[in-house]
Amino acid sequence: MHEFEQHLRQELNPQQYKAATTFERPLMIVAGAGSGKTRVITYRIAYMLSRGIPQNQILALTFTNKAAREMRNRIAELTGRKLRQLTISTFHAFGVRVLRDAIVELGYRDNFSIYDTVDQLALLKETARELHFSLDGEDLKAILTLFSDIRTGRREWTDESDRYRELFNEFRKHLRVYNAVDFDDLILLPIELFRARTDILDRYRDRFRYFLVDEFQDTSKDQYTFIHLLSSESRNLCVVGDDDQSIYSWRGADYRNLLQFERDYPEQTQITLEQNYRSTTTILEAANGVIRNNTNRKEKKLWTGEESGRPIELFYPDNERLEAAFIAERIRTLALRERIRYEEMCVLIRTNSLSRSIEEAFLAENLPYRMTGGTSFFDRREIRDLVSYMRLMANQDDDMSLLRILNTPRRGFGRKTVEVLDRIARAGRCSLYSAIVQALHAADSPLPRRVTVDLEAFVELIHEFRDRLLKNRRDMANTLAALIERIDYWQHLVSEHPTNEKLARWKYRNIELFCESLGKWERHPDNLEPTLFNYLNRISLQSRDDEEDSEDSGRVNLMTIHAAKGLEFRVVFLVGCEDGILPHKRALEEDPANVEEERRLFYVALTRAMEKLYLTSCRERSIMREIVACSPSPFLGEIPHSLVEMHEPEEPVEQAEARDYFSLIRAKLGQQ
DNA sequence: GTTCCGTTTTTTTTT
DNA sequence: AAAACGGAAC
């Protein structure tokens with residue numbers, strides 16, 4: 001027998017083995033929480049390689065860069081090979097690759113910018129101003145969601161939304177003029193391209209023969225279309241997922257893709273992984289008790305050979321400060337008494353805003369922690385400024401970047417100047433940068449003399465540094481440093497924060513770090529194409545959780561439930577198990593049917609824990625500087641009571657109160 | 001025309 | 001508590 005095959009037989013259970021060794025046909029792996037999914041995927045690809053499938057015929061798609069990186073590392077470890085030709089990428093990053101290859105066919109230029117939410121928000125405001133469309137009292141993010149939904153066919157125009165139609169059309173037109181694409185475009189444009197140009201599609205179909213999609217329950221309709229276009233001919237598509245862990249429907253994830261897959265690939269094999277290798281029986285039973293309440297799920301019975309383990313601990317602190325203090329104290333105790341390392345513990349939160357009280361407690365207690373997520377390094381103002389300079393130099397039609405830096409640092413250009421330039425740009429149907437150049441060359445410039453002179457200097461600056469960035473290989477970090485010097489960004493920071501030099505210094509330090517990481521990137525030996533475009537594309541797709549995996553562990557993890565998907569920890573604290581937070585109030589307002597997704601979120605949180613689970617629910621919490629009374633999450637009552645133990649507070653009075661509280665929830669649930 | 005200062009609003013999750 | 005906006009001061 002094949003040597004590696006034997007190894008697999010030893011390492012995997014029968015279902016896992018079958019999943020890892022089936023690759024010449026469509027395959028759906030339904031992988032329950034903790035069932036060794038990543039293990040199976042990595043072994044599967046390693047197995048394919050061992051059977052002589054060339055690396056460059058395999059395409060594996062994941063959702064985060066982190067997941068992609070981890071998968072690559074683990075396969076590399078397993079096979080001891082370099083894997084230069086193996087494509088493991090996020091959907092979006094792969095979309096960029098396709099576009100870089102052929103976006104010209106769609107009438108864009110290949111130095112396109114990628115607009116994230118912040119850019120889109122700015123563009124929306126800009127467009128509204130032009131159209132004299134008042135955005136007073138409007139929820140801008142909701143408008144962007146509407147636009148995205150319209151674009152991806154998730155929603156149709158209605159009588160109610162019709163008033164945004166013109167805004168939408170103009171918004172799309174602008175993106176086009178700026179030679180910019182958004183996140184939806186990264187999937188939609190490749191689809192458009194493949195449909196319009198079958199020769200290009202055929203090229204990709206020839207190149208890639210084996211496909212794997214991780215976290216399949218979180219793919220959108222378009223992502224499915226995309227992978228289906230690529231794989232429908234060779235038909236070796238493997239999807240891996242768990243409908244119970246689908247928590248991204250708000251971003252377009254559509255569980256119906258599971259059904260679509262069954263229809264499109266009727267010859268598929270389906271394998272369900274039900275043995276859980278992660279959690280104690282207690283934790284698993286709690287999770288099962290919760291998820292059972294969802295309708296419309298693929299029936300699974302997760303089981304584990306583990307012993308029952310320790311009870312789940314439930315605590316009702318009076319407020320979020322006590323909640324944080326309790327968690328900090330527990331962490332310290334567990335570390336001291338049970339020798340559990342900090343990095344083996346994790347605090348999970350529903351919303352980023354909940355991190356505040358926890359962080360304060362950790363800082364006060366001197367507990368080392370690491371918050372994954374939150375504001376990304378690249379979302380910091382000072383970094384965005386520099387990135388905007390770079391983006392403008394890469395793509396001079398990128399108006400949003402230009403507007404950001406035109407007067408940063410202050411150059412004396414204000415609203416009026418922009419208005420004039422904007423008029424020229426609109427008349428000529430061109431970008432602002434072209435408008436500036438035009439205005440400078442025009443005989444009868446509509447701009448005052450002083451402004452013209454300053455604009456000239458600005459254009460020269462952009463030109464000079466653009467040349468340097470594009471021409472000199474592996475010298476971008478130095479060039480950027482020179483730019484920072486030239487525009488005297490330090491002075492700018494000082495004048496922006498006149499009373500807070502510490503803050504200014506911190507921001508300047510961030511900038512230095514940014515330069516350093518750019519330098520590291522462009523000088524890395526594996527980086528064969530260290531161009532400005534590639535760098536910008538890379539950082540636009542860099543999410544919050546995969547910045548510099550600083551290996552300095554020994555720190556407690558703090559993250560949102562969404563960010564914790566796919567991870568596991570010996571001890572998990574779930575914060576804010578309150579009605580209105582989990583399930584989240586706004587999610588339910590949007591659509592009461594969202595409870596099920598909120599329940600899945602709760603389920604994902606519970607199943608991250610290996611040994612010990614703490615749940616806390618505050619009686620009061622200050623939300624937007626107001627103190628609000630909170631009631632426990634209804635999900636708490638879905639956990640079998642025998643598995644839960646009340647945390648014993650210091651005063652016996654409170655203990656009795658807490659017990660009353662618990663029976664209160666039970667009563668409440670009984671009514672439903 | 002630009003900058004500064006005081007007022008208002010905000011917090012669901014993210015590629 | 002911080003950012004974003006709008007009106008008054010320079």
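Reminder, nothing fancy here: chain letters follow the sequence lines and each chain counts from 1.
A donor-acceptor contact under 3.5 Å is formed by the side chain of A:Arg350 with the base of B:dT12. Side-chain atoms of A:His584 stay outside donor-acceptor range of the base of B:dT12, with no qualifying N/O pair under 3.5 Å. Not a single donor-acceptor pair, N or O on each side, falls under 3.5 Å between the base of B:dT12 and the side chain of A:Thr351.
The side chain of A:Arg356 has C:dA1 as its nearest neighbour among C:dA1, B:dT12, B:dT14. Of the candidates B:dT14, C:dC5, B:dT15, B:dT14 carries the atom nearest the A:Asn352 side chain, counting heavy atoms from C-beta on. Here the nucleotide nearest the side chain of A:Arg410, chosen from B:dT12, B:dT11, B:dT3, is B:dT3. For A:Ser353, whose side chain is taken as the heavy atoms from C-beta onward, the closest listed nucleotide among B:dT13, B:dT11, C:dC5 is B:dT11. Taking only side-chain atoms of A:Trp250, from C-beta outward, the nucleotide of B:dT15, C:dA4, B:dT14 with the closest atom is B:dT14. Closest approach to the A:Thr117 side chain among B:dT13, B:dT15, B:dT2 is made by B:dT15 (side chain taken as heavy atoms from C-beta onward).
Residue-level contact check: A:Phe413 touches the backbone only, with heavy atoms under 4.0 Å from sugar-phosphate atoms and none from bases. At the heavy-atom level, A:Glu590 lies under 4.0 Å from base atoms of the strands shown. As judged by a 4.0 angstrom heavy-atom cut-off over every strand, A:Asp116 is placed among residues making no nucleic acid contact.
For the pairing with A:Phe573, the ring-ring contact (aromatic ring centres under 6.0 Å, His included) check across A:Tyr369, A:Phe362, A:Tyr614 returns one residue only, A:Tyr614.
A:Thr417 has a side-chain polar atom (N or O) that falls below the 4.0 Å cut-off from OP1 or OP2 of B:dT2. The phosphate of B:dT12 (OP1 or OP2) has a side-chain N or O of A:Arg586 nearer than 4.0 angstrom. Of the side-chain N and O atoms in A:Asn594, none sit less than 4.0 angstrom from OP1 or OP2 of B:dT12. Applying the 4.0 Å criterion to OP1 and OP2 of B:dT14, one finds that A:Thr560 has a side-chain N or O inside that range. Look at A:Lys125 and you'll find a side-chain N or O under 4.0 angstrom from OP1 or OP2 of C:dC5.
What separates CG of A:Leu144 from P of B:dT14 is a distance of 17 Å, to the nearest Å. Rounded to whole Å, atom C1' of B:dT15 lies 13 Å from atom CG of A:Leu188. For the pair A:Ile247 CD1 and B:dT15 P, the computed distance is 12 Å after rounding to whole Å. Rounded to whole Å, atom P of C:dA3 lies 13 Å from atom CG of A:Asp379. A:Asp218 has its CG atom 11 Å from the C1' atom of B:dT14, to the nearest Å. When rounded to the nearest whole Å, the span between CZ of A:Phe183 and C1' of B:dT15 equals 5 Å. Between the CG atom of A:Asp182 and the P atom of B:dT14 there is a distance of 19 Å, rounded to whole Å. As a whole-Å value, the separation of A:Ile623 CD1 from B:dT9 C1' is 16 Å.
For A:Gln245 and A:Asp242, the side-chain atoms include at least one donor-acceptor pair closer than 3.5 Å. For the residue pair A:His228 / A:Gln260, no side-chain donor-acceptor distance below 3.5 Å is found, with atom types taken as modelled. Between the side chains of A:Thr62 and A:Asp214, no donor-acceptor pair is found at a separation under 3.5 Å. There is no side-chain donor-acceptor pair under 3.5 Å between A:Ser89 and A:Thr87.
Between A:Phe377 and A:Phe514, the ring planes are tilted. Angles from 30° to 60° get that label.
Across all their heavy atoms, A:Cys630 and A:Glu578 have their closest contact at SG-OE1, 3.4 Å.
B:dT3 and C:dA8 make up a base pair, with Watson-Crick or G-U wobble contacts both under 3.5 Å. In this structure B:dT11 sits in no base pair that meets the Watson-Crick or G-U test at under 3.5 Å.
Two residues, A:Tyr248 and A:Lys416, neighbour DNA chain B, and the one matched to the more 5' nucleotide by heavy-atom proximity is A:Lys416.
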